[in-house]
Every structure is written in structure tokens, then in C-alpha cells.
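Below: the structure, in C-alpha cells.
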Amino acid sequence: MQRGHTDRVYEAQLEAVRRNLIMMAGRVEEMIAHAVKALVERDVDLAKRTIAQDPKVNHCEVETDELCMQILARRQPLASDLRFITLALKMVTDLERIGDLAVNISHRAIDLASEQPLKPWRDVPRMASVVQTMVRDAIDAFVRNDDVQAQAVIERDAQVDEIYTHVVRELLGIMTVDAATVDRGIHVLSVAKFLERMADHATNLAEQVVFLVQGKDVRHRGKSIE
Amino acid sequence: MLGIRGKLFVTSLVLMLAVGGATLIVLERGLGGFLRAKLASDVSRRLSIAQQWIEHGRHPRAAGALDDDAMADSLGLALDAHVTVFDQSGKVIGDSEHEPSQLAGMGSASQQPEVAASLERLHDHDHGRAAQTKPVERARALYAAAPFARSGDIGLEPWRQGVVRVGVSTIDVDTVLDRLRFFLLLVSLAGIGVALLMSGLASFWASRELVSLVRNAGALATGGRSRLEIASADELGSLAGSFNRLAEQLERTVAELKRERDRFEAILGHMAEAVIALDSDDRVQLANRAALELLEVPEVRPGQPVVDLVRAPAFADLLPRVRAQGKASAELAVGKSSTRQVLARAARLEATDGVVVVMLDVTEIRRLEAVRRDFVANVSHELRTPISIMQANAETLLDGALSDPERGPGFAHAIMRSAERLGRIVSDLLDLSRIESGEQPLKLEPLPIADVAFRVVDSLQLKARARSMALSQDVSEDLEPLCDEDSLEQILTNLVENAIKYTPAGGRVWVSAAAEGERVRIDVCDDGPGIEPRHRERIFERFYRVDPGRSRDMGGTGLGLSIVKHLAEAQDGTVELLDNEPTGCVFRVWLRAG
């Protein structure tokens, strides 16, 4: 970011917001990875550790919120700084929600650990890795003001949706054949749903980045009001 | 702040003014004093004449009496001075510049000190009557007085005494002095002009060299030039010399530093460990090549926040810890998709409160540790199970089952089976270590693999049929990769056997092969449930089980795939596991084409 404020303290505050966001994104990424790893490897311990990470993410959200509010109140930022701060405020919320979803997956991982897997894990880990890179790239794009990268994240959402549809169809097939699998199938379905929602949040992040850089609102594009 | 020109101007101006002022003072004191002294002696000379003349001269008379005023007038005319005559009481009796009628209005003698002094001397016979008073300056004139005594003419005049005073104007002297001052003022003004001109010229000459020296020194500082030219032998020239020596010294120091830095960078650059130095603000000051490779970043700007490079939360937690404790370490996942496991050791730099982090890639070490740990656990498990079975059955037999003709043989058979299983494990392990150590070098020669495939499929057809599975092969006759016949047969047997074992009943297993460039691939495919991607790396490890409970029931030793891998490698080949579409998996063996 090429900012050049004469006020060093102000500069440092903006920098702190930026750092907090990256750190928070790092934690959330790790939570996604660990939650899915715990699910696939039936590692209850890892799932519990992942759940224990959530308060740290929440703390990070509160801290960043406070910092942004302070900057808004004391510095009255203008133009690109104002957009940066308001978007940072929205972003922490999205990141926090993604963290919550990772906690949900961890709970499912604990539930499923004692059961036989329905089928080899393939699509869910793939989905998780796409979502993870989406979150990382969205935050990367944000801190680097890179709208091209953000656009790429938005486009990857379709990929996640596609995997999701595929998983749902496959699970429905398995569950219709064997009623005993319904219990586990529902759990797996919800995990896929959580991942899909994470991707939506990541897309939100990326859309905000495009807005930040281009000043153009790309939310709800192609969706008319009728 | 005055520039050099300003300073020169002020200096020469002050000099000029000092000289002018001194001249003024000397001229005024000297010349003024001289002129006044001259005038004073003139006054006393005229006074003496007046005195003599009054005492002895012939005087105009009017009506028979001496006319004092007329005498004063003629005296004044003759001496070109202001002559006043007082009688002995101090009353004015004659004046050269006043009419007789005005005389009464003139002030008394007591107001004029020289007259008063002379009047006193009139009666002081000791000091001689003739003594003159010193000239006194008053009202732009110099006055002196002297007493006189005139002996009376025979019968005509009485004895008379009085005081005569002569005054000469000082206006001439003052005029001369005024002219002199005016002239000096002119000279001073001219001096200022000359000072301006001179200072301008002087500063121009002096500063031309200096300014060029300053400009060149500036160019030296910014690297525009390497040396200054020494234009003169004066102080400026030696200053330029000093600059040159300074520049040389600086160049040497810079070169030294550069060598030092190059050496430092060479060491850092060739270190296997990643090194990152952070300042007190957690910004990257330095990152070596290994760090960039390990963190999968193309470049690092100095001053970039370290969160841009390492995002792992464990790293963010490490930094405050190292600041508090001085030293700390953590293991974390780094890289674009967090695939590399890294041991980060951090130390605080006391001087700057910065942190140096050394990161070691332990991905491979951790993987090998897992392999070893699992191997020890698995091998003990694999060996213990048949031994426990043998022990339990032997105990049962000893406890009386030996004499039970009905159930006794069953226990003995169980012991037998376990012993066979142990034997298989041991012989597989021996095979494996033999292949690994390369004790028996394999004979690699072009071999038509269609025969081998046919033999393997044929020999396992029975097992496949027992599980109502379709086993087939489709290998072209002209494929002749470099391989060892026995080894290839064992590879295919192990793979096909595995496929039959783990594919659900009614499934399909087939062998195919094709040439691809310099290599030949042989695929053993099935349409079973497939194997999760996470097992792919490890499935070729000894005793590694995808599903521990199930595979042991199948009677495998857990070494089959490991043997496959080692045999393939012994023949300059590789083996990999791929997904089959739509389901199932493919074990693919690559061999060199003959």
C-alpha cells in the first residue's frame, strides 16, 4: 500500500488494522484446514483444538473493530482511508463468521469420528482447500489493493458451488439406497453446506475489495429486483 | 545569515567608516586647535597695539576733550577688530561697533570675565598693569582685555585709567572647519561607494572559487564526480585536497562495507535454513533466499510487515513470546497452501529489540518420523497377533484339548495358520530388505510384458472367480520395457491380488499397458470404492493400512505394496496411485522403454 501520511501515529494505526486483518485471516485459514483435517482423519483432539481457537478470532474481531472505531472518531479519515476502514469493519465480521463455520465443522467432525466413513473423503477436502485459498486471496487482495486477484476469488465461488451440488447429489444417492447412512449423510451434507457458506463470505470479502479499488459496487450483479 | 558577499561588504564598509571617522577627528582636533591658537595670538597682538596706541598715541578730540568712542572706532577700523574701551569703573566709554548713544545700554563689565579680570589688575600693581587676559571665546568671537593708563596731556587731560578689550570674529575659522567637514562627508560617501564596489569585486573573486568548490563538493556528495580539481595552492586548494582525501577514505570504507555485506549475503544466501530479521515493529529487515523459497514469496520489500510472509497464527504467537523470554521456538505450517512444516527458532536482538527467526524445513523429518512411529507400531502389531493366536491355542491344547479328538486338530490348525502367516511376514520382510540392499542385482533386459501379464492374470483367475469378479488383461505384444521378469511378475501379482482383495464382490479388475515416450506404463485398475487422496503418499509404506481393521482380515502381510514400490525402483521405475473414473483406483507402474 502506498500511503504517505505525515502523521506517523495515524499511519501506524492504519497499519495495525491491516496487520490485524491478515493475522485474523491466517487464524481463520488455519481453522478451516484443521477442521477439515480433523473430519477426514477422525481426529477428535484436533477438532477440539480448532474449536478452542475461536475465542482468539473473536478477540481479534473485537480488537480490530475498536481500532477502526477509534480511527473513525479521532482521525475522521477521508476518501480511500475511509473506504479502507469501513470495509475493514465489514471484513472482520465476515472473517468471524467463517471462523464460526469452521467451529461448526469441527463439531460435526467430533460427531462423525466414531462412525465409519460413508465413502472416501475426496470432494469435501477439495472444497475446503478451495475455500481456504479464497479466504487467503481475498485478504491478500485487500491488503494489496489488487482488484484482479479479488475478481479471481469471486470467480472461484462457482467452482465451490459446483462441488457442493455434486456432493449433495452423491450423498442423496447414497442415502436413498441405504437408510442407515442418512444419519451420517446429514452430517456430511451440513459440512458441505458450511464450506459453501464460507465461500460466500470469501466472495463478499473479494467484492468489497473490488469496491475499494475501483469504487464500483459489484455486489448483487446480474440479479434484478423483479 | 549573511552570504559571503554580505560579510565582505560589511567588513569593508566598517573599515572605510573607521578610517573616515579617524581622519575627521584628527583633522578637526589638529587643524581647529591650530587655527584657534593662531587667532588667539592675533587677538593678543592687536590688543597690545590697541593698548600701546591708547597709552601713547594721539587721539581725536572733540570739543577739546578726548573722544573715547571715536578713538575706539578708529582703533577698530585700524585693527579690523571689535574694540571696546571701559573706564576704570567698568563703564563702556567707547565701542567700535556701537554709537555713543547706545553705550549706556551695554552691559556692565562684571558680566564679561576678561574685562572684570583686567579691571582687577588695574589696581594690582604687583603684577604689572600691562598683563593681558587670556583670550576668551564668546558669541563666535575671541575676546581679550588689558588695562591701560594714559598720562594726561599737559593741562588738557586728566590722568586716565581703563580697560581696552579687543574681539576678533572666529567665523573664518568655523567656516574653514565646516568646509572641511563637508569635504569629509563627501569623502565618506565616496568611501561607501568604493566599499560596495570593492566588496563586490573581492567577494566575486574570493567566492567564485569558493562557490565552485561548494558546488563540486555537492557533486562529490551525490556521486556526480569522483574527485575535486585543485585550482590553487591557497586555503581553498587545501580544502579541496581535504575533500579528496575524505572522498577516498569514504570510498575505501564503502568498499570495505560492501565486501563485508557481500560475504554476509553469500553466507546467508547459501544457508539451507531460512533466516528472517525483523525490526522492533515486526517489519522484515532481511530475508535470505532460503526464506523466500520456503515461504513461497517472490520477493520481500525491506520494511514489509512480516504477516505478509508468514500468516500462521503460531508465528504471530511466537513473536510476543520471544520478546518476553529472549528465545522461543515454534513449529508451524508455512507456504502458499501451508504444506510445509517448519521449525522456527527465534531470538531477540537486545540492541534494537528486533527479532531474528531461523526456520528449518522439517516436513520431511516429520514425515519420516511418522513413518517410523507407525512402522514400529504396525510391525509389533503384525507380529503379536499371530503369536497371541498361537499362544492361546497352544494353552488350550495343553489344558486338555489335546486329548479331544474332535476339537483338538482345530486348535492345531489355528497354530499352523498363524505360524504360516508369521513365516510369510518374515519372508516378505527378508525379500524387502534384500531388494532394498540390492544384494541380488536385477537383470534388466527388454521383456515382452504381455506374457507376464497373461501368466499373472491366469494364475489369479481362480481367486477372482471365487469372489465372482471379472479379471482381464489387455497388454499389447510389442511392449518390451527394460525389466527383470521375476520382479515384474511379483509386482503384477501383488497389485492384482490387492485389487481382488479390496474390490467388493462382483467388481472388475483389469490390467492394461501403453508406451509413453521413453517409458512404458502398466496399469492395474479396479472399479472399487477408491482410496482417499490422503493415503496416497503413505500407502506404499511398510505395514501401512488404509483401514486397519479390514485389511488384516484379508490375510495380507501389509508388505505387498511396499515390495512393489521397491521392486519398481530397483528397475529404474516408479509406482503411483491414481483415481479411476468414475470410481476405483489405478496403480500405475512406470518402466523404462527398452
Side-chain angles (χ1 to χ4, degrees), chain A residues 1-2 8 11-12 14-34 36-37 39-43 49-50 52-53 56-57 59-60 99 116-126 128-130 132-133 135-137 139-140 142-144 166 170 173-174, chain B residues 278-284 295-298 301 303-320 330-341 370 502 504 528-536 538-539 546-550 577-585:
Chain A
M1 242 177 335
Q2 309 84 13
R8 298 286 299 274
E11 185 80 35
L14 288 175
E15 185 61 40
V17 171
R18 200 173 97 86
R19 279 189 195 195
N20 268 9
L21 273 174
I22 299 179
M23 253 160 63
M24 196 169 162
R27 281 196 199 283
V28 169
E29 273 170 46
E30 195 187 69
M31 281 176 74
I32 302 172
H34 282 180
V36 174
K37 193 173 181 213
L39 179 75
V40 170
E41 297 185 357
R42 293 195 257 167
D43 187 342
R49 270 187 286 137
T50 310
Q53 286 286 316
K56 284 190 187 169
V57 171
H59 176 76
C60 215
Q116 280 293 314
L118 277 182
K119 64 182 263 311
W121 289 106
R122 185 162 311 150
D123 294 323
V124 168
R126 198 149 60 89
S129 100
V130 175
Q132 209 182 324
T133 54
V135 173
R136 187 184 47 237
D137 289 354
I139 294 296
D140 264 2
F142 176 60
V143 297
R144 289 192 195 130
H166 177 74
E170 203 178 21
I174 293 174
Chain B
L278 305 178
D279 63 8
S280 57
D281 225 11
D282 291 347
R283 292 167 181 282
V284 180
L295 303 176
E296 293 173 37
V297 286
R301 283 180 286 111
Q304 201 172 0
V306 73
V307 276
D308 285 4
L309 307 185
V310 192
R311 204 166 290 183
F315 192 77
D317 298 335
L318 172 71
L319 291 177
E331 205 165 316
L332 38 111
V334 297
K336 273 218 152 40
S337 32
S338 302
T339 43
R340 310 215 66 84
Q341 196 67 19
Y502 297 112
I531 293 169
E532 280 178 46
R534 68 191 169 102
H535 298 302
R536 267 178 213 167
R538 304 198 57 189
I539 198 159
V546 170
D547 188 342
R550 202 162 75 96
L577 170 58
L578 306 166
D579 273 336
N580 199 3
E581 286 302 326
T583 60
C585 57

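Labels below follow one simple rule: chain letters A, B, ... track the order of the sequence lines, proteins then strands, and each chain is numbered from 1.
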Given heavy-atom pairs under 4.5 angstrom as the criterion, report whether the side chain, backbone, both or neither of B/D282 touches chain A.
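For B/D282, heavy atoms of backbone and side chain both lie under 4.5 Å from chain A.
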Heavy-atom pairs under 4.5 Å with chain A, option from B/A316, B/A312, B/A314, B/P533 with the top count:
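Max contact count across the listed options: B/P533.
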If the test is side-chain contact (heavy atoms from CB on, under 4.5 Å), which one of A/R27, A/M23, A/R136 qualifies with B/R311?
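Exactly one pass, corresponding to A/R136.
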I need the minimum non-hydrogen distance between A/I22 and B/V307, along with the two atoms involved.
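Nearest pair, atom of A/I22 first, then B/V307: CG2-O, 3.4 Å.
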Partner set under side-chain contact (heavy atoms from CB on, under 4.5 Å) for A/E170, not counting sequence neighbours:
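A/E170: side-chain contact (heavy atoms from CB on, under 4.5 Å) contacts with A/K119, A/D123, A/H166.
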Quick one: does B/R534's side chain have a donor or acceptor within less than 3.5 Å of a partner on A/V40's backbone?
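A pair under 3.5 Å: yes.
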Nearest 0.5 Å, please: how far is CG in B/D281 from CZ in A/R19?
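One finds 5.0 Å between CZ of A/R19 and CG of B/D281.
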Report yes if some heavy atom in the side chain of B/P305 is under 4.5 Å from a heavy atom in the side chain of A/R18; otherwise report no.
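With C-beta onward as the side chain, the pair touches.
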Between A/R126, A/M24, A/E41, the one whose heavy-atom pairs under 4.5 Å with chain B are most numerous:
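So the answer, after comparing A/R126, A/M24, A/E41, is A/E41.
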